[in-house]
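Counting starts at 1 for both ligands and their atoms, following the listed order. Small disclaimer: the values here were computed from a predicted structure and weren't measured.
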Amino acid sequence: MTQQTSMTGRPVISATGLFTPEQSISNEELVASFNAFVERFNAQNADAIAAGEVEALHPSSVEFIEKASGIKARHVLSKEPILDPAIMEPRLEERGNDELSQMAEIGVAACRQALERAGRDAADIDAVLCAASNMERPYPAMAIEIQQALGIDGFGFDMNVACSSATFGIQTAADYIRAGNAKSVLVVSPEITSGHLNWRDRDSHFIFGDVATAVLVEDAAIAPAEHWDILGTKLKTVFSNNIRNNFGFLNRAAPEGVGKADKLFVQEGRKVFKEVVPMVAEMIVSEADRLGIDPQGLRRLWLHQANAGMNRLIAQRVLGHEADADESPTVLDTYGNTSSAGSIIAFHLHSEDLAEGDTGLICSFGAGYSAGTVFVRKAA
Ligand code: COA
């Protein structure tokens, strides 16, 4: 027992990193392009629509998007083709096998910033977990390519728990440290969500944006003085078809389904909203109780960034009052939903002002359903 205890570590967050694509699409630009596509589609199919054989498409609206989601803009890696009504997809040139792949490139950028902020050398890192909603290819793992590009010895692997990938990655990294199997682990979430978004679907075309985040989870014994103690991590999954993407390696075995809308992101947004809010609020409160933390005393919530209304309700249930922007910062207004990266962007951009001893919560939720909580306290 004594021997085991001496081998275990205490996990902390040493630093985070963020890569934000330069290009951004405003709601106005997005809706103008979508509505041009709708007009063109309806004109081209006028006879079939009149005969009742094809359903007319309806225009999107900036007012709806902002009111229903809180999203005003999103960053993307490839703006022009997305906005071209004849394309409405990102265009990212295929790279050779000896070039750094697109996903690894943005992941490396986020990792480098985290390493720099922690004053950490790549040689000190034991593992890289690439935790994201979509991987650019099945293998070799993105994490191993990122590991190699950074010059890290050790190991890496990919993991996907959709919007909760980053918090699941943080708990996995924390468990390696608790078990004494690693002292320094990078959790990187490169999210090229523009690739799985159906830009022709009025219900969801406004939702996602591209980004990459990195979280350096380390043993307190080697961490820089300025770090965040991880007070506890908790994960939860409950199967649901309400957010789904059927793209996969078996699609070619059923060629009639290739290219259909279900091979991209689809959701029953209203059901997701209704079912996930109580699940997550209850999870946060019971985990706070288990850790002996008063949820109403949390200084800040860094919530998953999918919908401003969801965050308002969750924060209210946790804090016992309507949260202001300082207590529950929003980044989805300019980043859109960045899947697993959302709560990490919020933490990265809105945590430096907190004081030593302040307690906060990083919380993700999304497809699966999946949810993860990481309670943290500022050490210095
Ligand atoms: N522009 C204008 N109107 C639109 C529209 C658009 N782009 N998209 C949908 N509408 C219309 C619908 O047709 C519907 O019209 P109706 O009432 O006449 O049928 C109405 O607006 C309401 O649509 P609905 O889909 O019920 O909207 P909503 O209020 O549920 O908002 C979401 C949609 C997606 C913003 C919201 O459900 C959401 O964010 N849910 C949570 C999603 C989530 O967190 N997902 C996790 C992803 S990882």
Side-chain angles (χ1 to χ4, degrees), residues 25-39 41 55-74 88 131-134 160-168 189 191-211 237-245 247 261 264-281 303-315 330-333 335-346 363-372:
I25 298 177
S26 68
N27 283 346
E28 288 74 14
E29 291 173 302
L30 186 76
V31 167
S33 135
F34 183 88
N35 290 350
F37 152 73
V38 167
E39 258 184 51
F41 178 91
E55 253 186 70
L57 297 181
H58 299 286
S60 184
S61 99
V62 170
E63 296 68 38
F64 170 84
I65 295 170
E66 291 193 13
K67 193 157 176 273
S69 71
I71 297 166
K72 295 180 178 149
R74 69 287 294 143
M88 297 179 88
S133 280
N134 296 278
N160 174 357
V161 204
C163 288
S164 289
S165 299
T167 54
F168 276 58
S189 301
E191 291 285 9
I192 309 182
T193 61
S194 57
H196 82 163
L197 179 55
N198 186 349
W199 297 91
R200 294 188 183 87
D201 174 37
R202 177 176 176 255
D203 287 345
S204 63
H205 76 117
F206 53 88
I207 291 183
F208 289 104
D210 299 337
V211 82
T237 50
V238 180
F239 188 71
S240 168
N241 279 316
N242 290 331
I243 313 172
R244 191 159 173 137
N245 182 339
F247 181 78
L264 295 167
F265 168 90
V266 278
Q267 76 165 348
E268 294 281 347
R270 199 149 279 212
K271 284 190 190 158
V272 173
F273 195 113
K274 266 199 185 150
E275 291 172 10
V276 169
V277 167
M279 180 182 116
V280 170
L303 297 178
H304 175 51
Q305 301 285 314
N307 180 292
M310 282 177 102
N311 286 6
R312 202 174 309 120
L313 287 174
I314 291 170
T330 298
V331 301
L332 62 81
D333 51 348
Y335 278 88
N337 180 343
T338 48
S339 195
S340 70
S343 57
I344 308 300
I345 304 173
C363 177
S364 70
F365 40 87
Y369 295 133
S370 59

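Taking every non-hydrogen atom of Ile243 and a distance limit under 4.0 Å, the qualifying atoms of ligand 1 come out as 46 (C). Those atoms of ligand 1 with a heavy atom of Ser61 less than 4.0 angstrom away are 1 (N), 2 (C). Near Ala306, with a cut-off below 4.0 Å to any heavy atom, the atoms of ligand 1 are 44 (O).
Here the heavy atom of the protein found nearest to atom 47 (C) of ligand 1 is Asn337 ND2, 3.6 Å. In terms of protein heavy-atom proximity, atom 40 (N) of ligand 1 is closest to Gly269 O, 3.0 Å. Scanning the protein heavy atoms around atom 9 (C) of ligand 1, the nearest turns out to be Asp203 OD1, 3.3 Å. The protein heavy atom nearest to atom 6 (C) of ligand 1 is Phe64 CD2, 3.2 Å. For atom 31 (O) of ligand 1, the nearest protein heavy atom (residue, atom name, distance) is Ala68 CB, 3.6 Å. Given atom 24 (P) of ligand 1, the protein heavy atom at minimum distance is Arg270 NH2, 4.0 Å. Shortest contact from atom 39 (O) of ligand 1 to any protein heavy atom: Asn307 ND2, 2.7 Å. Among protein heavy atoms, atom 48 (S) of ligand 1 sits closest to Cys163 SG, 2.8 Å.
When distances from atom 45 (N) of ligand 1 to the protein are checked, a heavy atom turns up under 4.0 Å. Under the 4.0 angstrom criterion, atom 37 (O) of ligand 1 counts as having a protein heavy-atom contact. Atom 17 (O) of ligand 1 lies below 4.0 Å from none of the non-hydrogen atoms of the protein. For atom 27 (O) of ligand 1, the nearest protein heavy atom lies under 4.0 Å away.
Judged purely by atom type and a 3.5 angstrom limit, Arg244 has no side-chain atom pairing as donor or acceptor with the backbone of Val266. In terms of modelled atom types and a separation under 3.5 Å, the side chain of Ser189 and the main chain of Ala131 share a donor-acceptor contact. Of the possible donor and acceptor atoms, one in the side chain of Asp210 sits under 3.5 Å from a partner among the backbone N and O of Ser194.
For the pair Ile345/Thr338, a side-chain contact is recorded, criterion being any heavy-atom separation below 4.5 Å from C-beta on.
The option with the heavy atom closest to atom 34 (C) of ligand 1, from among Arg202, Gln267, His205, is Gln267.
Closest heavy-atom contact between Cys163 and Phe365: CB-O, 3.3 Å. Looking at every heavy atom in both residues, Arg74 comes nearest to Ile65 through NH2-CG2, 4.5 Å.
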Subject >> side chain to side chain donor-acceptor pair (under 3.5 Å) between Glu275 and Tyr369, worked out >> reply: CA-CA 9 Å; Glu275 291 172 10; Tyr369 295 133; 2.7 Å; yes

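Of all the heavy atoms of Val276, none lies under 4.0 Å from any atom of ligand 1, so neither backbone nor side chain is involved. Looking at His58 against ligand 1, nothing comes within 4.0 Å, counting heavy atoms.
Here's the thing with His304: none of its N/O atoms is less than 3.5 angstrom from an N/O atom of ligand 1.
Here the CG atom belonging to Leu57 is positioned 10.5 Å from the CG atom belonging to Asn35, to the nearest 0.5 angstrom.
Using a 3.5 Å distance cut-off with no hydrogens or angles, the side chains of Ser204 and Asp201 do pair a donor with an acceptor.
Taking the six-membered ring for Trp and thresholds of 30 and 60 degrees, Phe265 and His196 have ring planes inclined between 30 and 60 degrees apart.
With respect to Asn242, the side-chain contact (heavy atoms from CB on, under 4.5 Å) criterion is satisfied by exactly one of Lys271, Lys274, Gln267: Lys271. Considering Ser165, Ser164, Ser339, Ser343 as possible partners of Ser364, the one that fulfils the side-chain hydrogen bond (donor to acceptor under 3.5 Å, both in side chains) test is Ser164.
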